[in-house]
Amino acid sequence: MEVLSVDITVPLRSYTLDLAFDLEPATIALVGPSGAGKSTVLRAIAGLTRPSDGRIAVGDDVWFSSEQKIDRPPEERAVGLVFQEYALFPHMNVRRNVAYGGGGRVDELLTRLRIHHLGDARPGDLSGGERQRVALARALAREPRVLLLDEPLSALDAHTKVTVRGELRELLRELRLPTVLVTHDFEDAAVLADRVGVIVDGELVQLDTSDRLVANPASPFVASLTGANLLEGNARLNNGLAEVVLDDGATVFSTGAETGRVGVVIYPWEITVSRQRPDDSALNHVEGEITSLVTVENRVRVAIGRLTAETSTQSAENMGLKEGERVVASFKATATRLLPLA
Amino acid sequence: MRKALFPLGLGIAAAVTGVFLLLPLVAIFTRIPFSTLIDQLGSGVVTDALIVSLKTTLIAQALIVVFGTPTAYLLATRRFRGRALAITLVELPLVLPPAVAGIGLLAAFGRVGLLGSTLKAFGVQIPFTQTAVVMAVAFVASPLYVRQAIAAFEAIDQTLVDASRTLGAGQARTFWRIALPLSAGGLAAGGALAFARGLGEFGATIMFAGSFPRVTQTLPLAIYSQFESNFNVALAIGGLLVVISAVLLLLLKIRLGWKSSASTSPFLFARTRST
């Protein structure tokens, strides 16, 4: 079992990229805001950007080591890098593009990625999804020991994206290669990767499975990235519970143990929506107007003031929720987490 | 009335420019009957000069491409101190008076020139030989090719070069399979410009190579040598050069037009790049 091990420092214009991780044959997604240095990680592994310090190795094969003064050029590193815009060679047809990576398995790869019928087509004549499959086939033709995907879904329209994402997930499972993918979209990361690393200003702030990231975000940024509500306020202890006075004046109870300046994290699916204040065990009831209703596949995200609740489309229909309507959002104190902000 | 004044002015200026540029060309073909013009092309002076011109220009062209292409690739793809200076140096012959080029070549490679004694020791004499014609043409015409080639190489999407490298191609293979095919249109355009300029070379050639029939007398030099003794021959050579130049320009325009309409470069689809 080959392990990709990365420990690099790359000085960038406004900060220094500094991160380390080991990756067995599995997929890791690096998520973060644009400009966080995500693509630089891929370029460094591929040999297109030279770190100032560190080590990159696959198994016993050292690709870069500042200590041993090793810096193998890109062509001597067995990486398959799929570029954000795919970077297909416009003057070659699909078959020749794929063969450029290595001629041995062209037919097998074209068939596997279901682009065999496009062999004679030029990249300019392909759709976004087809282009992505050509780029993948070309990268795999190189017989890579590590696969690198730079925003693999960003060049696709929303409609194509969902399908392509599913296919890509299957492919990555089959390949069993150490795979690093970069995305700004947490949902893509959660779907495609076994582990998700959040990069902010060149640093890996948290690396874990996506559900553990959602359940236990290390920082407010991670919490907001993963889709959680984040309400800011001041907490003090009251009868063993944290009483948080939010900046908008409302009060929320939490079983969290922090005091002082905090962020209250509540996941949308922990919040129930009702017309009247329910008589239940939930300590927190926030009344507000529905400002938006957004359907995401079979769920509806209901924005109530600064809170977002998530219900199934079925229950949203049953209740006949409408924008502008006043409702009560309820959630248990145990469903909240407190993150220190100061 | 006032409103019509500006467009009228534009029209008059354009008309004057057009007539001024066209008149000498028309005169070449109409001063003597067309059949007489064609007959003159059979004269020994013309065929000799044509052979000298084609031979020297083609050799010069080959040298320009062989040395100019790698030079342009280096200047286009590497960033180093003095790069701007190097590019200026390469472009300098473009604005240099050809007579200065001629005197410079003499001062470098002439009998008493910088390398004169060295060359003499090897029994090589350059001035007033066909080699001198080739050198004069290459000196004067090369910037047109190199400039265009630098621009063509610089226009290649860097991610395509990066992609080639990560797919296992070294620098040389990337150059042959990616950079060269993608810049072929620009290189051909530069080549055509340099060829046309080389074919018309006069000043540097007459100073450095002289005007010896069958050796160094190219078509432009033949015009100069004939226009007092046999004006009709001079006219015929002039007509020939007009046709060659016009065809080259036309091919160039067709080629460039074709290139822009069939371009499938991926940056057409580019969106915000992540870091």
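Residue numbering restarts at 1 for every chain, and letters A, B, ... go by the order of the sequence lines.
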Can you say whether Ala135(A) sits under 4.5 Å from chain B via the side chain, the backbone, both, or neither, judging by heavy atoms?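 Ala135(A) has no heavy atom closer than 4.5 Å to chain B.
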
What part of Arg138(A) lies closer than 4.5 angstrom to a heavy atom of chain B: side chain, backbone, both or neither?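 Contact with chain B: backbone and side chain both.
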
Taking atom CZ of Phe80(B) as the centre, does the number of heavy atoms from other residues, nucleotides or ligands within less than 6.0 Å exceed 12?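 Counting neighbours around CZ of Phe80(B), more than 12 heavy atoms of other residues, nucleotides or ligands fall under 6.0 Å, so yes.
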
Greatest number of heavy atom pairs closer than 4.5 Å to chain B - which of Leu48(A), Leu81(A), Leu42(A), Leu12(A):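 Looking at each option in turn, the highest pair count goes to Leu48(A).
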
With no hydrogens and no angle check, just 3.5 Å: does a side-chain donor-acceptor pair link Gln84(A) and Ser154(A)?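 Yes, Ser154(A) and Gln84(A) have a side-chain donor paired with an acceptor closer than 3.5 Å.
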
Using modelled atom types and a 3.5 Å cut-off, is there a donor and acceptor pairing between side-chain atoms of Tyr145(B) and backbone atoms of Ala192(B)?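 Not confirmed, Tyr145(B) side chain does not pair with Ala192(B) backbone.
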
Answer yes or no: is there a donor N or O on one side and an acceptor on the other, between the side chain of Arg131(A) and the main chain of Pro123(A), under 3.5 Å?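 Indeed, once roles are kept as given, a pair shorter than 3.5 Å links the two residues.
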
